[in-house]
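Predicted, not measured: the structure shown is a model, and the values here were computed from it. Per chain, numbering begins at 1; letters A, B, ... match sequence-line order.
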2 protein chains.
Amino acid sequence: MKYNLPHKTIERLSQYRRALLICLEKGQTHIYSHEIARIQHITAVQVRRDLMLIGYTGTLRKGYNVKELIELIGEIIDSSEGINVAIVGMGNLGRALINYFIGKRSHLRIVASFDINPDKIGNTMSGVPCFSIDDLPQIVKEKNIRIGIMTVPAEFASQTADLLVKSGIKGILNYTPKPVNVPDDVYLEEYDMITSLEKVAFYVKLNEQKIV
Amino acid sequence: MKYNLPHKTIERLSQYRRALLICLEKGQTHIYSHEIARIQHITAVQVRRDLMLIGYTGTLRKGYNVKELIELIGEIIDSSEGINVAIVGMGNLGRALINYFIGKRSHLRIVASFDINPDKIGNTMSGVPCFSIDDLPQIVKEKNIRIGIMTVPAEFASQTADLLVKSGIKGILNYTPKPVNVPDDVYLEEYDMITSLEKVAFYVKLNEQKIV
DNA sequence: CTAAAAATGTGAAAAACTTAACACTGTTAG
DNA sequence: CTAACAGTGTTAAGTTTTTCACATTTTTAG
Ligand SMILES: NC(=O)c1ccc[n+]([C@@H]2O[C@H](COP(=O)([O-])OP(=O)(O)OC[C@H]3O[C@@H](n4cnc5c(N)ncnc54)[C@H](O)[C@@H]3O)[C@@H](O)[C@H]2O)c1
Ligand SMILES: NC(=O)c1ccc[n+]([C@@H]2O[C@H](COP(=O)([O-])OP(=O)(O)OC[C@H]3O[C@@H](n4cnc5c(N)ncnc54)[C@H](O)[C@@H]3O)[C@@H](O)[C@H]2O)c1
């Protein structure tokens, strides 16, 4: 990787692509920085800066070529061979996630799910087979799974993370509200919806106080 | 509000509280900055700085009083009367969210859900009644709902956001992958799981390249 | 009683990130 | 033909956020 991109830029590139894919579908061939900016609620300068960082140059007065930009973003943030992903915990959230992800991004392949409940093991959802959590280490190796998404109950968070790490996984996306610990060579991302909701609530309160 | 807290600090305070509640349950009365830091994968200085910003002082050599700190964080980020919340779109994700939120934070009350599907309207889930989307404006007023969580299909994102805004809502948490536009006085938070997953994938790839 | 250790609190420096300002260049209207 | 316009690309400045470094305080050990 020749670039040393800011973390925030990585997130925004993913978001730009999401917006660009919609534009492409609509048949739009070019887009201005300020159009992207408005969709993402940021400034046009920010967009141009990010594109500068990845070395993309638009056409003066015409903006950026949607197709080209989608491809370039792909070259930068995706890995060329794609990456295999597993979901652990096929409850409400796990099922919702599979439904949502499936078919959305070709380089992110959800190839397995895991559960402890015998009723779920053996089922297939949106083409993703559900295995016993006991078989996780083996299947992770067999299928070359490198990322695990955790949607197990909070009390099983740590042990699930440990199991994933021990099985050789290199990235974890933790949706349980329980932070977990992983070695330095495993990339960890955690997200709790309550934090988002509390943040919204805080700023709603703040806005109200400003008006008063 | 006397404090002018950084955005990031607000997020972390919510996370600190989540961790502190677990400690409280376990019967732990005091906690050091470095303990909080380790749970949250940040530095102890960062924790102390945040607590400094909210004016909390711990006991030297004993750390912070768990109960006191939970209360202070509540005073700062919660609104004293609590806040009413609605979920729009009772599909997989909407149902998962209700199950998860319910009873977790007393100041965030999910008091209604909305859908367009007649099969769902009239049902109650975890004590939350589901109304027709057509009744949204009225119910928002009746129940004094100030935050809306959007979990409708992406193609209905904009119109749902417009409806919420027109009905007088002051904060939106958008879980559809389609960014929406709202007036300045409405606080908007958007989250797309694909961005998180792509970020994990990017850093997994990066780590692998470093090793090579 | 004193020194070492282990914690907090914070001013100042550093790093990360965003915005301003403007040079540059095709495009369009007159 | 030319001036105004509307975009891009980028340097520099500004802002926000994090980290460093260390003074301070309590506890513990000798
Ligand atoms: N539901 C949400 O919207 C939401 C939001 C944020 C976070 N979360 C968190 O995500 C997690 C899952 O939420 P949910 O609503 O899907 O819960 P759920 O109870 O519906 O699903 C949990 C699933 O995990 C399985 N499971 C239990 N122990 C396991 C183990 N040791 N190994 C593998 N699988 C195991 C269960 O059989 C079940 O299928 C919880 O930690 C929850 O707090 C949920
Ligand atoms: N499932 C996920 O994990 C996931 C993750 C991220 C984002 N999302 C997004 O969240 C949204 C919901 O996902 P889902 O899996 O729950 O989908 P879903 O299809 O299961 O649920 C959508 C629900 O919205 C209702 N609905 C449709 N139009 C409506 C309208 N105009 N007003 C009110 N309700 C309406 C439907 O009747 C249905 O109950 C989608 O936009 C999806 O892309 C889902």
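- The 5' end of DNA chain C is approached more closely, in terms of each residue's nearest nucleotide, by A:Q46 than by the other of A:Q46 and A:R61.
- The nearest whole Å value for the distance from the CZ atom in A:R12 to the C1' atom in C:dT19 is 12 Å.
- The phosphate of C:dG9 (OP1 or OP2) has a side-chain N or O of B:T57 nearer than 4.0 angstrom.
- Between A:K104 and B:D192 no salt bridge is recorded (no basic side-chain N to carboxylate O distance below 4.0 Å).
- Summarising the geometry, atom CD1 belonging to A:I77 is positioned 11.5 Å from atom OG1 belonging to A:T9; distances are rounded to the nearest 0.5 Å.
- When rounded to the nearest whole Å, the span between NZ of B:K8 and P of C:dA15 equals 17 Å.
- Remark: P of C:dT18 and CG of A:L51 are 14 Å apart, rounded to the nearest angstrom.
- Partners of B:Y32 according to the side-chain hydrogen bond (donor to acceptor under 3.5 Å, both in side chains) rule, which considers only residues two or more places apart in sequence or in another chain, do not exist here.
- The distance between atom CZ of A:R48 and atom C1' of C:dA21, rounded to the nearest whole Å, is 11 Å.
- Taking the six-membered ring where tryptophan is involved, the planes of A:F131 and A:F114 are tilted, since the angle between them lies from 30° to 60°.
- Atom-to-atom, CG of A:L60 to P of C:dT27 comes out at 8 Å; the value is rounded to the nearest Å.
- Summarising the geometry, the separation between CG on B:L53 and P on C:dG9 is reported as 12 Å, rounded to the nearest angstrom.
- One can place CE of B:M52 at 6 Å from P of C:dG11, the figure rounded to the nearest angstrom.
- Taking the six-membered ring where tryptophan is involved, the planes of B:Y191 and A:Y175 are perpendicular, since the angle between them exceeds 60° and thus also 30°.
- At C:dG9, none of the side-chain N or O atoms of B:Y32 fall inside 4.0 Å of OP1 or OP2 (strictly under the cut-off).
- Here B:K170 does not pair with A:E208 in a salt bridge; the nearest charged N to carboxylate O distance is not below 4.0 Å.
- Chain A approaches DNA chain D within less than 4.0 angstrom (heavy atoms of the protein), and the contacting nucleotides run 5' to 3' from D:dC5 to D:dA12.
- Distance CZ (A:R49) to C1' (C:dC22): 13 Å, rounded to an integer number of Å.
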Show every donor-acceptor pair shorter than 3.5 Å between a side-chain atom in residues 136-145 of chain B and any protein atom, with sequence neighbours excluded, or say none if there are none.
| from | atom 1 | to | atom 2 | distance (Å) |
| --- | --- | --- | --- | --- |
| B:Q138 | NE2 | B:E142 | OE2 | 2.7 |

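- Contacts of B:T9 with the nucleic acid, taken as non-hydrogen atoms under 4.0 Å apart, are absent.
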